[in-house]
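Chain A is the first sequence line, chain B the second, and so forth, proteins listed ahead of strands; every chain is numbered from 1. Side chains included, hydrogens not; waters and symmetry mates left out as well; all remaining heavy atoms used.
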Protein chains: 2
Amino acid sequence: MRDPAERGTRDRILAVAEASLGAHGYHGTRLHEIASRVGIQKASLFHYFASKEQLYRAVVEQGMGETEQLIRHALESAGSLFDKLRTLLEAYVDLVALHPERTKILLRQTLGDAPESYQPADSDSERLLKLVSTFIREGQRKRVFAPIDPQALVLGIVGMVAFFFTSAPVLAPHWVANTTSAAAIAQIKRHVIEVVERALTPERA
Amino acid sequence: MRDPAERGTRDRILAVAEASLGAHGYHGTRLHEIASRVGIQKASLFHYFASKEQLYRAVVEQGMGETEQLIRHALESAGSLFDKLRTLLEAYVDLVALHPERTKILLRQTLGDAPESYQPADSDSERLLKLVSTFIREGQRKRVFAPIDPQALVLGIVGMVAFFFTSAPVLAPHWVANTTSAAAIAQIKRHVIEVVERALTPERA
DNA sequence: GTCTATATAGGGATAGAC
DNA sequence: GTCTATCCCTATATAGAC
């Protein structure tokens, strides 16, 4: 990290590793494949990362960091609570759409796919969840949002969005052939926003 | 299958394999571990299944079959469309809650976690999805359900529910400490039903 | 049908030259 | 910092006795 000359290759390794880990999971990923795609020899990887596990950790950390940044930024945006909500959802969908492999890795991690020795720093994810659910709870206190379980809502959204971009292309290829197309992303965005807004809009009875 | 004497051990292998595959994924699963838990030697597994891949296929097939049965049954239940919807959602949540490992396997499969040579019979899952989305589309035609994208809704529900029982316990352990408790299942059921009903209830404007 | 013993391959990791 | 060569372990799978 201190040596700028190393950055180039190191970053390329991280990028390729993210793709491989997303596609095949931790145990299914072959260091040989990563090296090959980067254009170096397998042994050269060990110059940058001490082990497969360390490489995995680096990839995960990078992904979590960017996600947190994005969420904080969206929650600080201007407008009404529903405006903020919308901004957040749009940004989140965009993020997942832009990094489906990363999403797969995080999803897989919650399924237990990780090095045996891995102790997930779940404080990260928990902190993120709390950030958003607190935002919703605030809105409920002000009677702007309907009194639905905030934690469940947030978890459900995360699962839903992740599923759209990771599993849906496999399960329902005819529905969204290409989840990277602008049209597909817009469609999913609209859907998510509609469902969430309906869930959070107070009864007008 | 023809030899009844074989059924006992074979079924136990399938059950144990489901648990292991769910917990560690295909590549992370060790045949040695399965054999050990069944109480036999690793080599004995090959008497029942020709390869690790065949064992995997058997586990997946069994899981898909039961899921399809359940969905068909729920859709044939009595009552209004909203009644049927409710019955379906409750049964589905119960199924996932009862078989979290199975759910993990199917989730993982959509993420690309499977033997290299594996050609997923996605016709199965596509057929299932179509079954439910057709039901919703029918309700929309009759103006009972709001005109939301049926495919997206169904995929979203599947992702949401799966996430609750597989990832949420890891991500938010304080939220639902034990997703197998009756109370937790009831809570999740209520949440899912509320979100879906709100999404499908036509505007009263 | 279950066992012990073993074959075979693949993959993570290291050694050491350049 | 990248390479070639190699170590070494683990995991799937097979052979063949009982």
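For the atom pair CG of A:Leu95 and CD of A:Glu90, the computed distance is 13.5 Å after rounding to the nearest 0.5 Å.
Of the residues in residues 21-37 of chain B, none lies under 4.0 Å from DNA chain C by heavy-atom distance.
Rounded to whole Å, the distance from CD1 on B:Ile13 to P on C:dG1 is 11 Å. In this structure, the CZ atom of B:Phe46 is 18 Å from the P atom of C:dA5, given to the nearest Å.
Residue A:Ser44 has no polar side-chain atom (N or O) positioned under 4.0 Å from OP1 or OP2 of D:dT4.
A salt bridge links A:Arg72 with A:Glu68; the closest basic N to acidic carboxylate O contact falls under 4.0 Å.
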Review item, side-chain donor-acceptor pairs of residues 158-169 of chain A, under 3.5 Å, at least two apart:
unit_1: A:Thr166; atom_1: OG1; unit_2: A:Ala162; atom_2: O; d: 2.7
unit_1: A:Ser167; atom_1: OG; unit_2: B:Thr110; atom_2: OG1; d: 2.6

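Side-chain atoms of A:Lys52 stay outside donor-acceptor range of the base of C:dG11, with no qualifying N/O pair under 3.5 Å.
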Trace of the side chain to side chain donor-acceptor pair (under 3.5 Å) decision for B:Glu18 with B:Tyr56: CA-CA 8 Å; B:Glu18 188 175 88; B:Tyr56 175 80; over 6 Å; no

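Residue B:Glu66 places its CD atom among more than 12 non-hydrogen atoms of other residues, nucleotides or ligands, all under 6.0 Å distant.
Annotation: cation-pi geometry not satisfied between A:Lys84 and A:Phe135 (NZ/CZ under 6.0 angstrom from ring centroid, within 45° of ring axis).
Looking at the side chain of A:Gln41, the nearest of the listed nucleotides C:dT4, D:dT4, C:dG1 is D:dT4.
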